[in-house]
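Notes to accompany the following structure.
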Amino acid sequence: MSVAKKEYKRITVKSLVDMKKHGEKISMLTAYDYSMAKIVDGADVDVILVGDSASNVMAGHETTLPITLDQMIYHASSVIRAINRALVVVDLPFGSYQSDPKEALRSAIRIMKESGAHAVKLEGGKEIKESIKRILNAGIPVMGHLGLTPQSIYKFGTYTVRAKEEEEANKLKEDAQFLEKAGCFAIVLEKIPAKLAEEVAQSVSIPIIGIGAGNGVDGQVLVLHDLLGMTHEFHPRFLRRYMNLYDDMTNAISQYVNDVKSKDFPSDEEQY
Ligand code: KIV
C-alpha cells in the first residue's frame, strides 16, 4: 500500500508532532553503529533510537542494566556520523539519571555534547519528574518511555505484557498526561494492551510510538536486529521479521569457509 508522506529534509521533534497532526505514522528503529545507521537513515526511517538494547544486541548481556554512559556515547557518536535525515534519540542508561536530577542533567549533557545526538529517552513517569524537568529546562528534548520499562526488569520479574490491570493502566494514563505537560516531545509505549495504547494516543497531542502496543498509536519502533532476523532466538508476538539474516549470514560465511578450505578463493581474478 502506498502512503501519503510529506517530504521532510531533516526530521526534528517538531516534524514528529506535525506528522501526528496530519495522521502520518512515524517509523522508528534502533541502530548502534555507523554502517547500520547509514542503511537505516538511507531507507528514510524517521527516528533512529540508540537504545540501551545495545546492551543485549551488541554486548550479549541478558538485560539492559550493564551498559554504561560512556558506551552509549560511543554508539551514539558512531550513529550520528552516518545520518543525513533521521532524528537521533539516545537512551539514558540505567544508573545515569535515577539517583538525582543534577546527575540526570549531567548525563544528558554528556550525551548531547559528546555524541551530537538530538534528544534523549528516559524510562518512567512521575517518579522521575525532577530529572525530566531539569533536562528539559536545559533545552534538551526528552522522549518518555512507559509500560514495559526494561531497566526495571528486576522489579517486574518478567517481560510479560504490562498494564493489564486497571490500577496499572490508570497510572500509565496519568504518567502519559504528566510527560506531555512536562514538555516531552513523544512517548514510547512498550508491550501494553492495544486498546489502552490507543486511548493514550488519543488523549495526548504528542506522538505515541508503540512496540507491542498495537496499531492505534502514532508510530512504531522495533529493534533493527529483530526486524532483520539476526536475533533468531527472540520471537515475541509483536515482532514482524522482514528477513532471516541469521540463516543467510551463516550460509554465506559457511560458503566462504568452504571456498578457503577448497582453495577456490581467491581465484586468478581476485589476486594481483
Ligand atoms: O532500547 C531499546 O531498544 C528501546 C526500544 C525497545 C523502544 O528502548
Side-chain angles (χ1 to χ4, degrees), residues 16 25-33 36-37 40 45-69 71-76 78-79 86-98 107-108 111 115 117-125 128 141-153 156 158-163 172 175-176 179 184-192 197 200-201 206-214 217-228 230-231 234-241:
L16 301 185
K25 298 275 187 180
I26 297 161
S27 59
M28 171 160 148
L29 268 182
T30 62
Y32 320 104
D33 66 81
M36 289 291 210
V40 173
V45 166
D46 299 313
V47 184
I48 295 183
L49 173 65
V50 183
D52 58 359
S53 50
S55 180
N56 313 105
V57 175
M58 303 303 286
H61 292 295
E62 219 170 276
T63 72
T64 57
L65 275 66
I67 199 160
T68 65
L69 186 58
Q71 288 165 342
M72 289 302 295
I73 290 169
Y74 166 77
H75 287 298
S78 308
V79 166
L87 181 84
V88 177
V89 181
V90 181
D91 268 334
L92 279 184
F94 177 69
S96 71
Y97 62 98
Q98 289 92 345
S107 302
I111 286 182
S115 77
H118 310 135
V120 296
K121 175 162 84 58
L122 282 75
E123 295 184 6
I128 52 161
V142 172
M143 177 180 270
H145 184 155
L146 301 171
L148 175 64
T149 46
Q151 291 178 12
S152 306
I153 186 57
F156 298 145
T158 74
Y159 286 100
T160 51
V161 180
R162 304 301 312 169
L172 187 142
D175 278 341
L179 292 175
C184 291
F185 70 92
I187 303 171
V188 166
L189 289 185
E190 180 164 355
K191 229 173 170 186
I192 64 164
V200 173
I206 57 173
I208 297 294
I209 301 179
I211 173 163
V217 291
D218 308 302
Q220 300 293 329
V221 55
L222 283 176
V223 168
L224 177 65
H225 293 63
D226 296 339
L227 171 153
L228 296 175
M230 292 172 83
T231 47
F234 180 64
H235 27 74
R237 191 208 294 204
F238 66 76
L239 173 61
R240 185 179 292 183
R241 285 192 206 289

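Everything numeric here is computed off the predicted structure, so don't read it as measured data. Both counts, for ligands and for their atoms, begin at 1 and track the order of listing.
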### Message
Suppose we screen for side chain to side chain donor-acceptor pair (under 3.5 Å). Which residues come up paired with T149, at least two apart in sequence or across chains?
### Response
none
### Task
Please name all residues satisfying side chain to side chain donor-acceptor pair (under 3.5 Å) with H145, sequence neighbours left out, ordered by chain then number.
K121, E190
### Task
Check the side chains of Q151 and D52 for a donor-acceptor pair under 3.5 angstrom, ignoring hydrogens and angles.
yes
### Query
Does any donor atom in the side chain of Y32 or S53 lie under 3.5 Å from an acceptor atom in the other side chain?
yes
Enumerate the pairs of nitrogen or oxygen atoms, one from ligand 1 and one from the protein, separated by less than 3.5 angstrom; state names and distance to 0.1 Å.
| unit_1 | atom_1 | unit_2 | atom_2 | d |
| --- | --- | --- | --- | --- |
| ligand 1 | 1 (O) | D52 | N | 3.2 |
| ligand 1 | 1 (O) | D52 | OD1 | 3.0 |
| ligand 1 | 1 (O) | S53 | N | 3.1 |
| ligand 1 | 1 (O) | S53 | OG | 3.3 |
| ligand 1 | 1 (O) | D91 | OD2 | 3.2 |
| ligand 1 | 3 (O) | S53 | OG | 2.5 |
| ligand 1 | 8 (O) | K121 | NZ | 2.9 |

#### Entry: side-chain contact (heavy atoms from CB on, under 4.5 Å) partners for Q71, two or more places apart
I67, T68
#### Entry: Enclosure of Y74 OH (heavy-atom neighbours >12, cutoff 6.0 Å)
no
